[in-house]
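Per chain, numbering begins at 1; letters A, B, ... match sequence-line order. Keep in mind the model is a prediction, meaning the values are calculated, not measured.
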2 protein chains.
Amino acid sequence: MSKKTTIKDIAKKTSLSTTTVSRVLNGKSEKYRIAKTSQEIIEAAALELNYVANHFAANLKSGKSNTIGLIIPSLSNPFFANIASKINSEVRKFGYTTIIADSDENVEIEKTELQQFVSRNIEGLIIIPCGKEMEHIEQVYQKGLPMVLLDRYFEGIEIPFVSTDNFEGAFMAANLLINHGHNSILCIQGVIDSTPNKMRIKGFKQAMKDAGIDDFKVVGDAFSSENGYLETKMLLQNKIRPTAIFTLSNTIAMGCLKALKEENIRIPQDISLITFDDHLYLDYLATPITSVAQPVEIICKLAMKNLMSALSNKEEKTIKQVILKPEIKYRESVSRINIIV
Amino acid sequence: MSKKTTIKDIAKKTSLSTTTVSRVLNGKSEKYRIAKTSQEIIEAAALELNYVANHFAANLKSGKSNTIGLIIPSLSNPFFANIASKINSEVRKFGYTTIIADSDENVEIEKTELQQFVSRNIEGLIIIPCGKEMEHIEQVYQKGLPMVLLDRYFEGIEIPFVSTDNFEGAFMAANLLINHGHNSILCIQGVIDSTPNKMRIKGFKQAMKDAGIDDFKVVGDAFSSENGYLETKMLLQNKIRPTAIFTLSNTIAMGCLKALKEENIRIPQDISLITFDDHLYLDYLATPITSVAQPVEIICKLAMKNLMSALSNKEEKTIKQVILKPEIKYRESVSRINIIV
DNA sequence: CTGAAAGCGCTAACAG
DNA sequence: CTGTTAGCGCTTTCAG
């Protein structure tokens, strides 16, 4: 690898000091009233020598990395990939660069990634925690690093977050099922310890309780299609089946669908399905699936706004925890049942 | 933000030199035969003071960033998000960290991201170019930075790449259509200048030519669902319709599906559909869609192997350009037509 | 087994 | 308008 050009090289070539070169190359010519001619020769030299600033050296001195870190649980989950994409373009708008890390739903990896980020002097952090632990995150937050949690958050601590009203979403979904006459419902959940999951379960159970329904079950333990597949497969071993399934994510629904298809169970004739998280593809399925949609676009924008304000006035640690309302997307996957008494 | 602990702090606290501290903290105790006791007090102190290495300072001196850069055209495209996810975990296996950038299918952003990466002293680069230009990429390559192109590449230059035989894939798809009796075919393409797109078009046209079919058309200009949607909408304005559509990506197919659904056109009764790129969801659609599947897993693994070998022996610039065979996933979206003569 | 000293490339006082 | 000087925090000779 050919050695890189440094400002020193440029200084030598132009017979100016490194300071002047640095100033010109950082757009501070105005501020220091540097001669037009100097500017020109420096810029010409930089171009000719193919100069690329050494970000590390600059950061080491200035302490500004101009970088935002984003940790998400899984890029292969379209729900998160979509968020990553949106955050990325938002961040760019503010003149920062994003570096993305994928924790693979694994706390240990999450911890490593977090350390990586800290050691890279990132200026702000957006995290969708994998949700199993929070100490490591809180510790970094307490050090004063601006941070926003997305989607998954932790209760009872002051880290800012932007999320959806998961209780409400699940409550709405369960009630939709109930109102359609369903009274035997299976709920396939995601990561058990994660706040969104807990809230969803709470909302689900509340609806059951309010309607006086006892015949329900909660199974599963991951926001993955494997989980959805396995749980559905197991369910179908029994002769007695619920009338409806409520999956707590997109990905779980996908696995559930696969199992249902393998067993030739039709939606919604044989079983009804409703899921948390919306996605384009849900509209094109054999039976379009009714979903609880989160306002992803808004979540991302708010998170960024939140983070950027923390970035500009660091002292004032305003606690900003926002919870947005979800919305039901009615499609055709929930059938109306006539209750036989 | 509370000041960070440095090795200096640890040195002071332990009454050892920064050199020794650095060595212990970098796992070089063995190599320098450092006393067990010294190791222990240093490690204890590091833990207590909550030490996190400053990556920039380390890199500035050593020149090793331990980082691989990945540039992809769009994280919101599941095909690429999936690749990002796989690359990310492969890279971790080799003890490196990935930083991901999303060019948003925009060459200008791609150029900026590339500069960002270079200035961050990344050690290797995996790029899925947005495909419109290549000079900036080649320039970085010529400087000696290990690099592999994925999926999209450029012909006639020596940068290593791993891709699919796009000609063959499109040729196979077109022939499948032809063998099913289709003789009026619309092809909706992606980014026109990109090599995969060009090769696919070539394969498609070759098949048409071989079969003596004149009634075909190529439209569109982006690997996006909007493109698929718009082109299909426009198509449906005409009274005369093709018997089959061949979309050159997943995302295009999605948009096409949306338009078809809006106009109540059934697949495959009214029109047949085949698409490049496989995806789980294609199996669960109203009509499961036949696709040309790329061996994504293998592509990612090979790319990494390629990159890692370049990383270990930099002198030997072996040119490694590999093209893998795609595979047709037969599903139900292509109907058999009886030709009326 | 340990340490002193010399920078990596850049920026930021301070000083003209 | 420009330059000198002093580091940022770490690693790496070189020298015990």
Side-chain angles (χ1 to χ4, degrees), chain A residues 1-43 45-46 49-66 115 118-123, chain B residues 1-42 45-46 49-67 115 118-123:
Chain A
M1 182 120 157
S2 55
K3 240 185 94 251
K4 289 182 183 168
T5 357
T6 71
I7 50 170
K8 231 174 171 171
D9 300 326
I10 299 181
K12 203 172 295 168
K13 192 179 164 103
T14 59
S15 312
L16 286 162
S17 73
T18 57
T19 313
T20 308
V21 174
S22 166
R23 284 174 180 152
V24 170
L25 263 24
N26 285 300
K28 291 181 184 160
S29 307
E30 294 287 290
K31 194 172 161 194
Y32 291 97
R33 308 154 150 275
I34 291 171
K36 269 269 174 299
T37 44
S38 299
Q39 287 184 44
E40 279 158 15
I41 47 173
I42 287 173
E43 268 152 15
L49 297 177
N50 217 314
Y51 173 74
V52 180
N54 183 329
H55 185 252
F56 289 4
N59 173 255
L60 184 55
K61 184 66 193 181
S62 68
K64 307 222 73 199
S65 67
N66 236 270
Q115 287 310 314
V118 173
S119 82
R120 277 158 199 272
N121 294 8
I122 46 135
E123 292 179 33
Chain B
M1 182 119 159
S2 55
K3 237 182 98 257
K4 289 180 183 170
T5 9
T6 69
I7 50 170
K8 230 170 171 173
D9 301 326
I10 300 181
K12 205 172 292 168
K13 191 177 166 107
T14 59
S15 313
L16 286 162
S17 73
T18 56
T19 313
T20 308
V21 174
S22 166
R23 284 172 180 156
V24 171
L25 264 22
N26 285 301
K28 293 183 183 158
S29 308
E30 294 287 291
K31 193 172 161 194
Y32 291 96
R33 310 155 150 276
I34 291 171
K36 269 267 171 304
T37 44
S38 298
Q39 287 183 45
E40 278 158 17
I41 47 172
I42 287 172
L49 296 178
N50 216 314
Y51 173 74
V52 180
N54 182 329
H55 185 254
F56 289 3
N59 172 254
L60 184 56
K61 185 65 193 175
S62 69
K64 307 221 74 198
S65 66
N66 236 269
T67 306
Q115 287 309 315
V118 172
S119 81
R120 275 158 200 273
N121 294 11
I122 45 136
E123 291 179 35

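Atom CZ in F56(A) sits about 13 Å away from atom P in dG9(C), given to the nearest Å. Rounding to whole angstrom units, CD1 of residue I10(B) and C1' of dG9(D) are separated by 12 Å. Atom CG of N54(B) and atom C1' of dC10(C) are 14 Å apart (whole Å). I41(A) has its CD1 atom 14 Å from the P atom of dC1(D), to the nearest Å. Put simply, NZ on K31(B) is 11 Å from C1' on dT11(D), counting in whole angstrom units. The distance from atom CD1 of I7(A) to atom P of dT2(D) is 15 Å, rounded to the nearest whole Å. Atom-to-atom, NE2 of H55(A) to P of dC10(C) comes out at 12 Å; the value is rounded to the nearest Å. Note: NZ (K61(A)) to P (dT11(C)) measures 10 Å, nearest angstrom.
Within the 4.5 Å cutoff, side-chain heavy atoms of L16(A) are placed close to those of I41(A). For the pair T67(B) and R120(B), the minimum side-chain heavy-atom distance is 4.5 Å or more. For the pair V24(A)/Y32(A), no side-chain contact is recorded, criterion being any heavy-atom separation below 4.5 Å from C-beta on. Between Q115(A) and V52(B) there is a side-chain heavy-atom pair separated by less than 4.5 Å. Side-chain contact check for I10(B) versus L25(B): some heavy-atom pair is nearer than 4.5 Å.
Within the 3.5 Å criterion, the main-chain N or O of F56(B) finds no donor-acceptor partner in the side chain of N59(B). Distance alone, capped at 3.5 Å, is enough to place a donor-acceptor pair between the N26(A) side chain and the S22(A) backbone.
Residue whose closest nucleotide on DNA chain D sits further toward the 5' end, between K28(B) and L60(B): L60(B).
Contact annotation: N26(A) reaches the phosphate of dT11(C) (side-chain N/O to OP1 or OP2, under 4.0 Å).
Side-chain atoms of K4(A) stay outside donor-acceptor range of the base of dG9(C), with no qualifying N/O pair under 3.5 Å. If you check distances only, the side chain of K8(A) never reaches the base of dG9(C) with a donor-acceptor pair under 3.5 Å.
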Pick out the pairs of N or O atoms, protein on one side and nucleotides 1-3 of chain C on the other, that lie under 3.5 Å.
| from | atom 1 | to | atom 2 | distance (Å) |
| --- | --- | --- | --- | --- |
| dC1(C) | OP2 | R33(B) | O | 3.4 |
| dC1(C) | O5' | R33(B) | O | 2.7 |
| dC1(C) | O4' | R33(B) | O | 3.2 |
| dT2(C) | OP1 | S38(B) | OG | 2.7 |
| dT2(C) | OP2 | A35(B) | N | 2.9 |
| dG3(C) | OP2 | S17(B) | N | 2.9 |
| dG3(C) | OP2 | S17(B) | OG | 3.3 |
| dG3(C) | OP2 | T20(B) | OG1 | 2.9 |
| dG3(C) | O6 | R23(B) | NH1 | 3.1 |
| dG3(C) | O6 | R23(B) | NH2 | 2.8 |

